[in-house]
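See structure below.
Because only heavy atoms are used, hydrogens play no part in the values below, and waters and symmetry mates are left out as well, while side chains stay in. Start at 1 and go down the list; that is how both ligands and their atoms are numbered.
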Amino acid sequence: MRRLSGAAFLLYLLIALLGPSNGADTLTLDHPLADGGEPLISEGGSFALGFFSPNGSDSRYIGIWYKKISVQTVVWVANRQRPVTGSHGSLSVAANGTLVITGENSTVVWSSPSLALSDPVAQLLNDGNLVVREADGNPSDPNSFAWQSFDYPTDTLLPGMKLGWNLTTGFNRTLTSWASASDPSPGEYTFGIDLRGDPQIFEWSGTSQVWRAGPWNGLRFTGVPQMTSYNMLSLQFFVDATQVIYVFYMIDPSFVSRLVVNQSGTLQRLVWVNDSKFWNAFWYAPMDPCDAIFPCGPNAVCDTSKSPLCGCPQGFQPKNPTNWGFRDGSDGCVRKTEVDCRNGTDGFVLVSGAKLPDTSSSTVEWVGTTLDQCKAKCLKNCSCTAYARANISGSGSGCILWSTNLTDLRVYGNGGQDLYVRVAAADLDSESSRHRIYLTVITVILALFILIMALVGCRVWRRKKRSRRTGMSGMATSFTERHNDEGTEAKDLDLPLFDLGTVADATGNFSMENKLGEGGFGPVYKGKLEDEQDIAVKRLSKTSVQGLDEFKNEVVLIAKLQHRNLVRLLGCCIEGEERMLIYEYMPNGSLDSFVFDKAKGWLLNWPTRYSIIVGIARGLLYLHQDSRLRIIHRDLKASNILLDMHMNPKISDFGMARIFGGDETEVNTKRVVGTYGYMSPEYAMDGIFSVKSDVFSFGVLVLEIISGKKNRGIYDSSRSLNLLGYTWSLWREGKGLDLVDEAIGDSYPKAEVLRCMKVGLLCVQERPEDRPTMSSVLFMLGSDSALLPQPRQPGFVAMRGPLEPDSSTSKQDSLSINNVSVTMFEGR
Ligand SMILES: *[C@@H]1O[C@H](CO)[C@@H](O)[C@H](O)[C@H]1NC(C)=O
Ligand SMILES: *[C@@H]1O[C@H](CO)[C@@H](O)[C@H](O)[C@H]1NC(C)=O
Ligand SMILES: *[C@@H]1O[C@H](CO)[C@@H](O)[C@H](O)[C@H]1NC(C)=O
Ligand SMILES: *[C@@H]1O[C@H](CO)[C@@H](O)[C@H](O)[C@H]1NC(C)=O
Ligand SMILES: *[C@@H]1O[C@H](CO)[C@@H](O)[C@H](O)[C@H]1NC(C)=O
Ligand SMILES: *[C@@H]1O[C@H](CO)[C@@H](O)[C@H](O)[C@H]1NC(C)=O
Ligand SMILES: *[C@@H]1O[C@H](CO)[C@@H](O)[C@H](O)[C@H]1NC(C)=O
Ligand SMILES: *[C@@H]1O[C@H](CO)[C@@H](O)[C@H](O)[C@H]1NC(C)=O
Ligand SMILES: *[C@@H]1O[C@H](CO)[C@@H](O)[C@H](O)[C@H]1NC(C)=O
Ligand SMILES: *[C@@H]1O[C@H](CO)[C@@H](O)[C@H](O)[C@H]1NC(C)=O
Ligand SMILES: *[C@@H]1O[C@H](CO)[C@@H](O)[C@H](O)[C@H]1NC(C)=O
């Protein structure tokens with residue numbers, strides 16, 4: 001044993017004493033980690049490493065978990081198959097760098113592959129990676145790592161962690177689910193990359209395929225069309241001679257996200273938002289019936305928007321029409337006419353919006369092949385059955401050729417790609433002549449459209465010229481321009497302009513005691529005009545740039561809307577830097593201050609609540625259908641419903657609203673705005689919003705009004721369900737009335753309450769196409785409950801987390817006119 005000099009010994013002692021704060025993220029020869037000791041904490045404080053026991057188990061494991069997240073979430077386990085029994089476990093670095101876990105009597109329980117370092121340290125990095133390197137190595141250089149936990153994923157992929165293959169060594173990294181919540185040993189499901197053909201990501205159960213993400217097409221996996229709208233994540237797939245890997249990074253580091261294969265075989269992307277109390281399932285797969293492997297047989301196309309799901313592409317027919325008659329498409333489709341390759345007369349039919357069929361036996365050329373060359377190549381080869389672009393990014397390039405039956409082919413409403421399927425000339429001709437007719441019709445319509453647009457454009461231009469001559473204010477002109485951008489008819493604003501003096505007088509010079517609250521864009525004041533009319537003034541704060549656009553949006557929109565369930569805009573004030581909106585004053589404030597307040601909830605008896613529900617529905621129907629514009633509110637929530645003297649509800653805050661073109665039905669946006677808890681899954685996850693996303697928010701509101709509870713809280717201690725999940729479980733157990741707010745008392749019409757609840761559940765269904773429109777909602781509110789369809793499972797129920805009281809009642813939540821709306825997943 002080495003002898004320490006006195007000074008060195010003192011230094012050693014000092015280091016040992018300062019240990020936890022000094023070298024708290026490293027293990028050295030002299031500093032093993034004993035069970036019961038302080039865990040290692042990474043330098044930025046994001047991750048911790050130490051001994052833990054899974055819930056329901058006494059076995060001890062070495063794991064890495066998030067330090068800052070209140071729900072203990074283990075992302076990596078060292079000895080997943082070899083737990084330590086008893087409390088004498090210890091993790092140490094051997095003299096050659098090998099990591100060793102010992103149990104009682106220093107028996108070795110687990111060790112990492114053996115290494116040959118001279119002066120090793122093990123360090124927990126702030127990205128959650130445990131690395132072993134030479135003490136003088138550079139912790140930020142991956143090449144200096146002799147071993148790293150990132151190379152041995154368990155069930156979780158963290159940002160920067162690689163999934164896939166090192167082709168030089170044949171080393172592959174896969175995710176494997178835990179066997180159960182109390183047992184981290186490898187479970188049934190694995191997730192990894194299959195190298196055959198065009199490399200694809202698969203989830204397997206044992207050796208059978210569970211789900212196929214498909215090949216990477218330059219932008220995303222062909223089977224994950226949602227990927228395009230992930231603005232907070234950067235997803236990358238590398239294929240070269242040395243490696244085939246998938247890796248993701250956070251663009252916005254204020255979100256925490258991970259990919260995990262859970263024990264029931266679902267691949268989930270979970271997101272932790274700062275103030276949430278549970279992991280939010282942002283995306284998951286398999287998601288729908290077409291995600292199952294082979295719901296439809298060879299050459300068939302699966303389409304969730306069709307019933308039955310399976311169909312045949314042009315030129316194909318069901319192999320066994322009898323089975324297809326019974327909605328069983330598993331036999332697949334066969335060609336109507338065999339292809340005739342000798343003649344070169346075959347052609348291709350386009351399947352658009354496709355998830356490419358299984359590529360494990362296809363051939364791929366990544367670079368330098370245009371689509372035409374690809375087509376020629378396929379025509380020339382007798383065994384070629386289809387082709388597609390390998391890389392759709394940019395102008396597109398590369399080529400995938402199939403020479404087998406096409407399996408696991410499906411189409412998406414949105415986000416798929418083009419697949420060209422070879423068919424015989426005979427099956428093509430009829431199609432192409434029909435095409436020619438379509439083409440002619442389309443050309444004629446287009447020509448007419450252009451003509452009309454030109455005429456309209458001319459008129460608008462003339463009118464604009466006129467208005468400029470008459471000296472219209474700059475602001476109003478810019479409204480008109482903006483409005484033109486929206487593609488609707490330009491119309492001058494006929495909205496009273498208040499001058500700053502009047503507004504200042506009315507609000508006591510914006511005095512504190514007249515302040516009603518602070519909204520997302522600035523403060524809101526109460527005021528009284530000279531004619532005794534009460535007003536509410538929303539004053540845009542000067543610093544808010546984003547607010548200015550929303551201000552303009554609101555003025556343009558609301559000036560055109562008149563309905564007794566919409567708050568009325570009396571005018572606006574634009575002077576210098578000041579921008580203000582003047583509304584009628586709502587003496588009773590906002591709905592949330594009643595519904596969620598135990599002290600005031602009793603003021604809303606059932607008849608009042610019912611009339612509020614119906615009023616909101618009417619207001620929303622007006623926005624969606626009856627007004628001259630088609631408007632999606634996008635931020636419907638309890639704090640945006642104001643109550644007048646007679647408790648009539650009025651929808652307010654059109655800052656986020658969007659006008660829809662006449663025939664658009666849904667729009668995809670990069671910037672998802674709205675309020676957490678009211679956003680529909682397709683909007684929060686994919687940025688797709690439509691009238692059906694408002695319907696979702698309406699459904700949440702209805703359930704909140706009935707229950708007096710916020711959707712954001714967690715209401716079922718054993719299952720950690722949010723309000724939607726809780727309502728759904730009560731509903732299915734036939735105990736719907738347990739949901740009703742105690743403040744309503746006992747004497748309410750049970751049938752009417754249950755009907756409202758059913759309507760609410762119909763509105764929050766996962767799939768937008770299942771949700772009713774507002775006109776059917778109003779119809780259903782007035783009809784017999786038995787005639788309504790049965791709701792399906794709501795979206796966003798699968799939320800897990802600890803039971804915590806709903807603490808989101810902040811000052812701002814109870815404000816009246818305007819409430820803060822979060823901007824989630826904002827693009828760059
Ligand atoms: C175990 O369960 C409790 C409460 O149910 C929870 O707080 C804790 O985070 C769980 N631990 C793990 C490791 O899952
Ligand atoms: C550890 O050593 C003690 C004493 O030698 C012995 O009684 C005990 O059984 C040992 N435990 C294990 C797990 O080997
Ligand atoms: C490194 O140390 C471990 C534990 O002491 C031992 O099992 C392993 O054989 C050693 N490896 C080499 C290459 O010496
Ligand atoms: C593959 O593994 C070898 C040996 O560990 C390593 O030298 C090489 O850098 C790895 N290649 C890639 C692309 O990671
Ligand atoms: C990856 O390698 C592991 C062993 O390292 C093996 O069990 C697994 O089957 C491999 N996965 C694939 C997709 O080949
Ligand atoms: C989350 O909290 C951190 C620090 O507490 C902060 O830097 C970050 O901006 C927050 N993220 C969001 C989305 O609010
Ligand atoms: C796995 O994830 C799915 C989808 O989020 C969820 O429905 C299921 O309950 C999860 N399973 C477990 C065991 O957590
Ligand atoms: C080749 O095509 C012609 C029509 O272009 C057709 O009449 C002929 O039968 C085809 N030949 C074969 C061998 O199918
Ligand atoms: C035709 O395609 C098959 C399968 O992709 C391939 O094996 C064969 O070499 C190709 N033949 C020619 C002539 O290119
Ligand atoms: C796909 O094409 C884009 C643009 O041409 C290029 O930047 C990218 O590297 C290509 N991706 C692959 C995987 O070849
Ligand atoms: C396609 O499937 C049919 C049966 O459905 C089979 O007879 C045929 O050989 C298959 N073709 C190829 C190229 O695998």
Side-chain angles (χ1 to χ4, degrees), residues 27-30 32-33 62 78-79 82 90-103 105-122 129 131-134 137 141-153 160-174 193 195 197-201 213-222 224 227-228 234-248 356 359 362-371 373-374 388-400 417-418:
L27 282 183
T28 59
L29 262 134
D30 308 321
L33 175 71
I62 282 284
N79 50 330
R82 298 173 209 287
S90 167
L91 171 70
S92 55
V93 199
N96 62 16
T98 306
L99 289 175
V100 178
I101 299 177
T102 52
N105 299 349
S106 299
T107 48
V108 173
V109 173
W110 173 90
S111 65
S112 66
S114 99
L115 301 173
L117 302 185
S118 53
D119 182 16
V121 291
N129 196 2
V131 305
V132 178
R133 58 177 170 86
E134 295 285 6
D141 173 16
N143 290 326
S144 72
F145 303 158
W147 178 92
Q148 53 178 330
S149 63
F150 268 21
D151 276 340
Y152 301 89
M161 206 163 170
K162 294 170 180 171
L163 184 80
W165 297 77
N166 178 331
L167 296 176
T168 327
T169 55
F171 181 76
N172 82 58
R173 309 169 192 89
T174 56
I193 297 180
L195 292 176
D198 193 2
Q200 300 184 92
I201 289 208
W216 181 259
N217 62 20
L219 293 179
R220 54 180 180 263
F221 293 103
T222 184
V224 190
M227 272 190 174
T228 18
S234 153
L235 311 173
Q236 297 171 9
F237 194 72
F238 295 102
V239 183
D240 61 32
T242 62
Q243 59 179 354
V244 179
I245 56 162
Y246 165 67
V247 62
F248 76 91
L356 296 184
T359 51
S362 64
T363 43
V364 201
E365 281 161 43
W366 275 101
V367 278
T369 315
T370 65
L371 201 61
Q373 288 166 337
C374 198
R389 279 203 167 103
N391 182 357
I392 61 168
S393 132
S395 54
S397 64
C399 176
I400 309 182
Q417 64 192 90
D418 289 347

Please list, in number order, the atoms of ligand 10 under 4.0 Å from a heavy atom of Ser393. 1 (C), 2 (O), 3 (C), 4 (C)
Give me the nearest non-hydrogen protein atom to atom 13 (C) of ligand 10 as residue plus atom name, then the distance to 0.1 Å. Trp366 CZ3, 3.7 Å
Ranked by distance from atom 5 (O) of ligand 4, the top protein heavy atom is Thr169 CG2, 4.4 Å
Sub-4.0 Å atoms of ligand 10 with respect to non-hydrogen atoms of Asn391: 1 (C), 2 (O), 3 (C), 8 (C), 10 (C), 11 (N), 12 (C), 14 (O)
Would you indicate whether the side-chain heavy atoms of Ile245 and Arg173 approach each other to under 4.5 Å? yes
Side chain, backbone, both or neither: which applies to Ser114 and ligand 3 if a contact is any heavy-atom pair less than 4.0 Å apart? side chain
With no hydrogens and no angle check, is any side-chain donor or acceptor of Thr359 less than 3.5 Å from a backbone partner on Ser362? no
Heavy-atom proximity to atom 2 (O) of ligand 3 ranks first, among Leu115, Thr98, Asn96, for Asn96
Between Tyr152 and Trp147, does the ring pair (Phe, Tyr, Trp, His ring centres under 6.0 Å) criterion hold? Intermediate values first, please. CA-CA 10 Å; Tyr152 301 89; Trp147 178 92; 5.8 Å; yes
Protein contact of atom 12 (C) of ligand 4 - nearest heavy atom, named by residue and atom, plus distance: Asn166 ND2, 3.6 Å
Determine whether Phe221 and Tyr246 make a side-chain contact, defined as any pair of heavy atoms from C-beta on separated by less than 4.5 Å. yes
Are Thr98 and Asn96 linked by a side-chain donor-acceptor pair shorter than 3.5 Å? yes
Matching residue for Ile400 among Thr222, Leu356, Asn217, Asn391 - test: side chain to side chain contact (heavy atoms under 4.5 Å, CB included): Leu356
Looking at atom 4 (C) of ligand 3, what's its closest protein heavy atom, distance included? Ala94 CB, 3.9 Å
Less than 4.5 Å apart, side chain to side chain, heavy atoms only: is that true for Val93 and Leu99? yes
Protein heavy atom under 4.0 Å of atom 7 (O) of ligand 10: no
Looking only at N/O atoms, are Ser397 and ligand 10 under 3.5 Å apart anywhere? no
Near Thr242, which atoms of ligand 4 are under 4.0 Å from a heavy atom of that residue? 13 (C)
Do the charged groups of Arg389 and Asp418 touch, with an N to O distance under 4.0 Å? no
